[in-house]
Protein chains: 2
Amino acid sequence: MPLPSAGAAAARPLGPKDVRPLDEVDRAILAALAADARVSNKDLAERVGVAQSTCLARVRALVRDRVIRGFHADVDPRALGHDLQAMIAVRLQPDARGAINDSIAALSRRPEVLEVYFVAGANDFLVHVATPSTDELRRFVGDVLNRDPAVAGTETNLIFEHIRARGRL
Amino acid sequence: MPLPSAGAAAARPLGPKDVRPLDEVDRAILAALAADARVSNKDLAERVGVAQSTCLARVRALVRDRVIRGFHADVDPRALGHDLQAMIAVRLQPDARGAINDSIAALSRRPEVLEVYFVAGANDFLVHVATPSTDELRRFVGDVLNRDPAVAGTETNLIFEHIRARGRL
DNA sequence: CAGGTTATCGAATGATCTTCGGTTCGCTTG
DNA sequence: CAAGCGAACCGAAGATCATTCGATAACCTG
């Protein structure tokens, strides 16, 4: 089962995130690595039914082509003393929307911030944060978000539980 | 499964999830594995400054104690043909809130579902989904969510971009 | 202060990763 | 249609790594 040649893809205009055709082996590799990123190459090769060398080359290609964006340990925020999680909806000033990417970039560098969703609708983005306590949360919302002149308003919702369904492709 | 007090930890009856003290080495290991879950044990040991055998024992203990919940490859949904992402806020019927865990568990098994946030506030939970197209999204909202009698209403917001700040502890 | 427990280390072994040359397959060219 | 070319695959072998083990040190606890 051969992979289609790269030649066919050349003519399209296409953004940087071009979709690359994935065959059954690729999908099996992705599913296995999404479930457990630390499987040995040997086991992975056996499971998807190719030689070890082929499997290694496939994984490297998937990383090179950004199909796999990274491998991460999922650390429980509570173990780090971050017992409180919240989802904060942020609305920006209408004239500040041009700089929205700066805002998001700055946010995602803060240690409390786990994820940022840039959304359509009444709010401009959602920020998923984890803090040690309500004090820290208040400080984040007050000092970091609302102090920014680009921010028109925020709405904070506590998160009781967060289930990551990833790991099952 | 409660996510209780951030306060005094001593008196509690203690679940399996009890907070365990982490030293500097543990934190360094967590930071390294959060950034790259596939570092070799040898490199990891050198970076955090302990022997390989000690490092291996530490990592195993962190996994055993659920400080590390898993190791996952971060796969770009677009590579799988899921070009559309959305955050769907779901409100349940007041008398259905007892079965909320069932609803969430059922949701998180669907292939479109990436994450589920069980929240306080006007909505009961948020569902982060990725679908191939608007058709699939409509089908998910209509056939899966609104068809469930426990669901009182939904509100769908498209996601333009999703930034994962994890990887930097 | 003795006993017991736990964490650490270094070295040896066993397993794995990674590279390499050779082969096949499909597509293009002459 | 055969030769040429490129891409992907495989198996084997050396380099590298993971894992186990016994010994040692540090720490409570009684």
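Note that these values count all heavy atoms, side chains included, but never hydrogens, waters or copies made by symmetry. Chain letters run A, B, ... following the sequence lines, proteins first and then strands; every chain starts at 1. Not measured: the values here are computed from a predicted model.
Nearest to the side-chain atoms of A:S40 among the listed nucleotides C:dC17, D:dC10, D:dA18 stands C:dC17. When distances run from any side-chain atom of A:R58 to the nucleotides C:dT16, D:dT19, D:dA8, the shortest one goes to D:dA8.
Per the geometry, CD belonging to A:Q52 stands 10 Å off P belonging to D:dG11, to the nearest Å. The nearest whole Å value for the distance from the CG atom in B:N41 to the P atom in D:dT16 is 17 Å. The distance from atom CZ of A:R38 to atom P of C:dA15 is 20 Å, rounded to the nearest whole Å. Rounded to an integer number of Å, the gap from CG of A:L56 to C1' of D:dC9 is 13 Å. Atom CG in A:D26 sits roughly 17 Å away from atom P in D:dA7 (whole-Å rounding). Rounded to an integer number of Å, the gap from B:E46 CD to D:dA18 C1' is 14 Å. Remark: P of D:dA26 and CG of B:D23 are 17 Å apart, rounded to the nearest angstrom. For the pair B:L62 CG and C:dA7 C1', the interatomic distance rounds to 14 Å; values are reported in whole Å.
The side chain of A:T54 places an N or O atom within less than 4.0 Å of a non-bridging phosphate oxygen (OP1 or OP2) of D:dC10.
By the criterion of side-chain heavy atoms lying less than 4.5 angstrom apart, applied directly or through intervening Ile, Leu, Val, Met, Phe, Trp or Tyr residues, B:V129 is grouped together with B:I104 in one hydrophobic cluster.
Both A:C55 and B:K42 sit near DNA chain D, but only A:C55 has its closest nucleotide nearer the 5' end.
Using a 30° and 60° split on the angle between ring planes, B:H162 and A:Y117 fall in the parallel class, below 30°.
The residue B:R60 sits close only to the backbone: its heavy atoms come under 4.0 Å of sugar-phosphate atoms, none of a base.
Judged by distance alone, the side chain of B:R97 and the main-chain N or O of B:L92 form a donor-acceptor pair under 3.5 Å.
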Practice task
Could you walk me through whether A:L62 and A:R20 pass side chain to side chain contact (heavy atoms under 4.5 Å, CB included), step by step?
Solution key: CA-CA 10 Å; A:L62 289 169; A:R20 163 195 143 170; 3.7 Å; yes

